[in-house]
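Below: one structure, written as structure tokens.
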Amino acid sequence: MNEITRISNVAPGVFRKTLTDVQVNGYTIPSGPMAVHLNPELFEDPLKFDPWRRTEEKRSLLLRNHMPFGGGIRLCLGADFSKLFIALFLHILVTEYRWKEIKGGEVLRISEIMFPQAYHIQLVPQN
Ligand code: HEM
């Protein structure tokens, strides 16, 4: 779930990259990648889907820099609902179905992740 919400940001609100450090009301917005989830200094090979990247020694650092639902008083209202939904979906998918790739699946990245030709699969119930 963490790797899904890291790599597929559905909130395309960050379109720009800061070229130099910017000071705002005593805070520093550091220059660098437009999305912390794609910062190669934190997430090695950031465009690779790798659910096993959260090793014991990196877990705390990666979780501190994982904020798909924002934070503070503007934290997404649907965060827990969405995590529950993803967990249920994955559980039912892998325990009750098998699937076959039909077509599509090419990934296009602008600020968010997109599948221009969609991704077609055929689901087959397990018995
Ligand atoms: C994977 C799914 C979702 C992601 C990644 C996501 C992400 C976000 C993000 C990044 C924000 C902005 C937080 C900020 O301003 O700092 C936000 C706000 C919000 N989200 Fe979501 N969201 C998701 C699903 C949902 C769902 C399912 C609902 C409703 C049932 C929802 C309701 C809201 C609301 C109402 C806000 C505004 C909160 C406020 O301004 O106080 N979101 N979401």
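Just so you know, ligand 1 is whichever comes first in the structure, and atom 1 is the first atom listed for that ligand. Residues: numbered from 1 along the sequence shown. Computed over heavy atoms, backbone and side chain alike; hydrogens, waters and symmetry mates excluded.
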Proximal ligand 1 atoms for G78, defined as those under 4.0 Å from one of its heavy atoms: 25 (C), 26 (C), 28 (C), 31 (C), 32 (C), 42 (N)
By number and element, which atoms of ligand 1 are closer than 4.0 Å to a non-hydrogen atom of P68? 5 (C), 7 (C), 10 (C)
Side-chain heavy atoms of L61 within contact of L42, under 4.5 Å: yes
State whether E44 and R53 are salt-bridged, where the test is any N-O pair (Lys NZ or Arg NE/NH1/NH2 against Asp/Glu carboxylate O) under 4.0 Å. no
Test item: K100 and I121 side chains (from C-beta on) under 4.5 Å apart, heavy atoms: no
Report the part of F85 (side chain from C-beta onward, or backbone N, CA, C, O) that has a heavy atom under 4.0 Å from ligand 1; answer both or neither where that applies. neither
By number and element, which atoms of ligand 1 are closer than 4.0 Å to a non-hydrogen atom of G70? 10 (C), 13 (C), 16 (O)
Which atoms of ligand 1 have any heavy atom of F81 under 4.0 Å away? 27 (C)
Would you tell me whether T5 and H37 have side-chain atoms, one donor and one acceptor, within less than 3.5 Å of each other? no
Going by distance only, is there an N or O of R74 that falls short of 3.5 Å from an N or O of ligand 1? yes
Which one holds for C76 and ligand 1: side chain close, backbone close, both close, or neither close, with close meaning a heavy atom under 4.0 Å? both
Cluster question for you: counting only ILVMFWY and a side-chain heavy-atom cut-off of under 4.5 Å, with indirect links fine, are I4 and L93 together? yes
Kindly say whether P46 contributes a backbone atom to a donor-acceptor pair with the side chain of R6 at under 3.5 angstrom? yes
Min over A79, G72, S8, S82 of heavy-atom distance to atom 27 (C) of ligand 1 lands on S82
